[in-house]
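Down below is the structure, laid out as structure tokens.
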Amino acid sequence: MKIIMLGAPGAGKGTQAKMIADKYDVPHISTGDIFRANIKNGTELGVEAKKYMDQGMLVPDELTVKILLDRVSQPDCTKGYVLDGFPRTIPQAEVLEKALNEINDHIDYAIDVNVPDENIVRRMSGRRACLSCGATFHIVHVPPKTEGICDRCGKELILRDDDKPETVEKRLAVYHEQTQPLIEFYSAKGILRTVDGTVDMMDVFEEITKILGEMA
Ligand code: AMP
């Protein structure tokens with residue numbers, strides 16, 4: 001099972017990707033998480049990626065494609081994976097397609113979690129993240145047990161720089177310009193499926209499992 005999650009930043013595709021990965025026992029691969037882990041560990045890649053992320057811009061394809069192709073060639077990916085936040089540009093999608101073609105493989109579905117822009121800014125400014133263990137919360141939808149404290153590791157929760165309203169506006173503009181064309185790209189290949197991302201997250205997940213059920 002090879003799935004791509006599409007959708008604007010903050011549409012909830014990360015949450016859905018994690019739930020799919022758990023249910024179908026495949027790795028959840030988030031390029032954003034990989035970049036954040038590199039930032040935390042102070043690697044060269046992290047230092048470079050941070051310059052773009054903090055401004056709501058995309059990390060250049062050369063850096064992003066390499067880390068993604070390395071990751072999907074790991075042994076745990078033979079049974080499939082859920083990609084969350086990759087591809088984000090047409091060139092990224094083309095590189096992935098070429099790499100899969102070379103091993104006689106393909107993406108099963110690209111699932112677009114559709115949420116109008118108006119909802120996005122409101123949602124994202126409520127997000128809180130733990131920089132220590134990577135857990136994410138939402139002050140309204142997924143509140144931590146103790147305000148401002150991570151349930152998982154007890155460290156402080158913060159509003160990530162890239163979730164601040166001014167950065168969110170920028171990320172949405174980047175999304176429409178560079179990532180939204182992927183909807184047409186995968187639609188033309190007949191593998192696009194769209195779900196309504198404005199409803200309860202369990203209902204979104206049910207829609208997705210129906211789609212994935214068609215695969216068997
Ligand atoms: P995310 O956690 O997926 O929202 O990603 C956070 C940030 O990481 C994005 O705003 C980009 O700056 C960067 N990023 C993540 N994935 C990609 C990608 N596939 N291409 C370029 N930049 C990315």
Side-chain angles (χ1 to χ4, degrees), residues 2-18 20-21 27-41 43-72 81-100 107 110-113 115 117 119-121 123-131 133-138 142 157-183 185-186 197:
K2 295 189 173 66
I3 305 293
I4 287 171
M5 301 304 290
L6 294 176
K13 61 182 185 312
T15 307
Q16 296 298 328
K18 280 182 207 145
I20 297 169
H28 162 225
I29 301 177
S30 153
T31 37
D33 283 352
I34 297 174
F35 287 136
R36 282 184 286 277
N38 275 274
I39 291 172
K40 190 178 159 214
N41 294 328
T43 69
E44 215 175 297
L45 172 68
V47 171
E48 192 58 22
K50 191 172 188 313
K51 291 185 203 160
Y52 299 91
M53 290 168 74
D54 283 352
Q55 295 179 60
M57 290 162 64
L58 295 186
V59 178
D61 286 347
E62 307 83 80
L63 292 178
T64 311
V65 160
K66 187 178 171 311
I67 60 157
L68 191 276
L69 293 184
D70 282 352
R71 180 63 189 91
V72 295
Y81 42 76
V82 187
L83 298 186
D84 165 17
F86 186 99
R88 257 186 164 94
T89 63
I90 297 276
Q92 289 181 11
E94 288 171 343
V95 172
L96 176 64
E97 187 176 41
K98 183 161 168 280
L100 286 172
I107 293 294
I111 298 176
D112 177 31
V113 182
V115 176
D117 282 11
N119 300 22
I120 298 276
V121 179
R123 276 194 191 189
M124 285 178 83
S125 54
R127 292 216 301 210
R128 296 293 179 271
C130 175
L131 291 188
C133 76
T136 50
F137 300 86
H138 190 283
V142 195
L157 297 176
I158 59 136
L159 175 63
R160 288 184 345 205
D161 281 343
D162 61 351
D163 286 341
K164 291 189 172 148
E166 59 279 15
T167 318
V168 172
E169 300 281 0
K170 172 72 183 161
R171 293 176 72 196
L172 274 175
V174 168
Y175 167 76
H176 288 301
E177 189 185 316
Q178 303 197 53
T179 307
Q180 207 170 0
L182 291 173
I183 292 183
F185 180 91
Y186 288 114

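Just so you know, residue 1 is the first one in the sequence shown, and it goes up from there. Just so you know, ligand 1 is whichever comes first in the structure, and atom 1 is the first atom listed for that ligand. Note that the structure is a prediction, hence the values are computed from the model and not measured.
- Heavy atoms of Arg36 found under 4.0 angstrom from ligand 1 belong exclusively to the side chain.
- Between the side chain of Arg88 and the backbone N or O of Gly85 there is at least one donor-acceptor pair closer than 3.5 Å.
- From the protein, the heavy atom lying nearest to atom 9 (C) of ligand 1 is Arg88 NH2, 3.9 Å.
- For the pair Pro9 and ligand 1, the shortest N or O to N or O distance does not fall below 3.5 Å.
- From the protein, the heavy atom lying nearest to atom 12 (O) of ligand 1 is Met57 O, 2.6 Å.
- Taking CG from Leu157 and OG1 from Thr136, the interatomic distance works out to 9.5 Å, rounded to the nearest 0.5 Å.
- No more than 12 heavy atoms of other residues, nucleotides or ligands shown are found within 6.0 angstrom of CD on Glu44.
- For the pair Gln92 and ligand 1, the shortest N or O to N or O distance falls below 3.5 Å.
- By the 3.5 Å distance cut-off applied to N or O atoms, Val59 is counted among the residues near ligand 1.
- Of the possible donor and acceptor atoms, none in the side chain of Ser125 sits under 3.5 Å from a partner among the backbone N and O of Pro165.
- Annotation: the span from Gln178 atom CD to Thr89 atom OG1 amounts to 7.0 Å, rounded to 0.5 Å.
- The closest protein non-hydrogen atom to atom 19 (N) of ligand 1 is Gly85 O, 2.8 Å.
- Less than 4.0 angstrom separates some heavy atom of Gly32 from each of these atoms of ligand 1: 2 (O), 5 (O), 15 (C), 16 (N).
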Applying salt bridge (charged side-chain N to carboxylate O under 4.0 Å, His left out) to Arg128 and Asp163, what does each step give before you reach the verdict?
CA-CA 9 Å; Arg128 296 293 179 271; Asp163 286 341; over 6 Å; no
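- With values rounded to the nearest 0.5 angstrom, Leu63 atom CG is found 12.5 Å from Ile34 atom CD1.
- Atom 23 (C) of ligand 1 has as its closest protein heavy atom Phe35 CE1, 3.8 Å.
- Taking all heavy atoms of Gln178, Met53, Lys50, Arg171 into account, the minimum distance to atom 10 (O) of ligand 1 is reached by Arg171.
- Remark: among candidates Val65, Ile39, Thr31, Thr167, the nearest residue to atom 16 (N) of ligand 1 is Thr31, based on non-hydrogen atoms.
- With a 4.0 Å cut-off on non-hydrogen atoms, Thr64 touches ligand 1 through its side chain and not its backbone.
- Between the side chains of His28 and Asp33, no donor-acceptor pair is found at a separation under 3.5 Å.
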